[in-house]
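Some notes on the structure that comes next.
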Amino acid sequence: MNAYEAIYYRKSVRGYSMEALAPEMLERLRNCARHLKRLDPSIGYQVDILDLTRNKIRLVGPFRVRAPYYLMISVDKSREGAMLEAGYLAEQLVLYLAGKNIGTCYQGGLRCLNITPAQGLKQVMLIAFGRADHKIYRNQEQARRKKLSALCSFREGIGEEMRTLLKAARLAPSAFNTQPWRFVVYAGRIHILARDSFWNRVHPGGTEFDMGVMLCHMVLAAEELWMDITLKKDGQLAENRWKKCRYIISLINNQNNLNN
Ligand SMILES: Cc1cc2nc3c(=O)[nH]c(=O)nc-3n(C[C@H](O)[C@H](O)[C@H](O)COP(=O)(O)O)c2cc1C
């Protein structure tokens with residue numbers, strides 16, 4: 001299963017066997033982490049694999065699942081867009097692992113006390129991973145998600161390709177399943193908005209992280225369909241007042257604009 005297909009089948013896994021993964025598997029994961037797609041390549045990041053089968057790793061925080069490994073995602077939080085970037089990077093790794101039959105679960109409240117990232121970077125997310133006790137896949141119909149009609153304001157009719165992007169976006173995981181994304185949809189572009197929840201108040205940047213996770217789904221879907229898209233921030237739209245929402249970015253379908 002590739003990362004795009006995994007969008008439709010992945011679910012959070014909270015029960016793990018503590019068996020070690022093959023060293024080659026971990027090496028491939030490290031390699032994947034070095035070659036992730038970027039939204040803003042100038043934002044520094046680091047991915048560490050915390051191996052609890054071999055090392056003493058001190059983790060603190062609520063709702064912790066017991067797992068043999070964790071991914072630790074760190075970014076330069078002083079930069080604008082750092083949390084969006086972090087979510088975008090993290091979800092690529094999560095889907096890569098799901099495609100290899102390895103379970104994952106984001107651990108939003110967890111911190112590692114005895115491993116620190118390089119200077120200037122801050123750990124922003126830990127993700128449990130490993131072989132699961134039970135099934136790691138489900139059908140998309142079983143995913144608890146808001147309907148597209150509740151997430152989107154359709155301003156024009158759209159084609160199948162744009163609809164596929166929205167369907168992939170809808171399935172993204174989010175903290176407490178809050179699904180903060182909202183979409184203003186035109187035939188050739190989608191304006192992407194975020195609706196903050198309590199989660200962003202207790203965890204500043206939490207909504208941006210979720211939005212980055214969701215953008216990863218949209219971009220993977222666009223790549224799968226060989227669509228030519230651009231993600232672009234529109235200064236004017238950022239100034240607009242949106243009902244209960246904040247503007248994040250716009251997705252432009254360049255092909256559609258050429259045809260019109
Ligand atoms: C940023 C983020 C933080 C999360 N934190 C936790 C957590 O601390 N504990 C947990 O059990 N699940 C956590 N989750 C998993 C969500 O609860 C889960 O993705 C959501 O309920 C949807 O379920 P699904 O992933 O099975 O589709 C987190 C997910 C995200 C994206």
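In this chain, numbering begins with 1 at the start of the sequence shown. Quantities reported herein were computed from a predicted structural model and do not represent experimental measurements. Every number for a ligand or one of its atoms is a count from 1 in the order of the listing.
The backbone N or O of Tyr4 lies less than 3.5 Å from a partner atom in the side chain of Asn2, making a donor-acceptor pair. Using modelled atom types, one side-chain atom of Asp51 and one backbone atom of Thr53 make a donor-acceptor pair closer than 3.5 Å.
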Ligand 1 polar-atom proximity to protein (N/O, under 3.5 Å):
from	atom 1	to	atom 2	distance (Å)
ligand 1	5 (N)	Tyr106	O	3.4
ligand 1	5 (N)	Gly108	N	3.0
ligand 1	8 (O)	Gly108	N	3.1
ligand 1	9 (N)	Gln107	NE2	3.4
ligand 1	11 (O)	Arg14	NE	2.7
ligand 1	11 (O)	Arg14	NH2	3.4
ligand 1	12 (N)	Arg14	NH2	3.1
ligand 1	17 (O)	Arg14	NH2	3.4
ligand 1	19 (O)	Ser12	OG	3.4
ligand 1	25 (O)	Arg10	NH1	3.4
ligand 1	25 (O)	Ser12	N	3.4
ligand 1	25 (O)	Ser12	OG	2.6
ligand 1	26 (O)	Ser12	N	2.9
ligand 1	27 (O)	Arg138	NH2	2.3
ligand 1	27 (O)	Arg145	NH1	3.3
ligand 1	27 (O)	Arg145	NH2	2.7

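A side-chain N or O of Asn177 and one of Arg145 form a donor-acceptor pair less than 3.5 Å apart. Donor-acceptor pairing under 3.5 Å is recorded for the side chains of Thr230 and Asn254.
Only one option out of Ile190, Leu231, Asp234 pairs with Ile249 in a side-chain contact (heavy atoms from CB on, under 4.5 Å); it is Leu231.
With contacts defined as side-chain heavy-atom distances shorter than 4.5 Å, the pair Tyr70/Leu52 qualifies.
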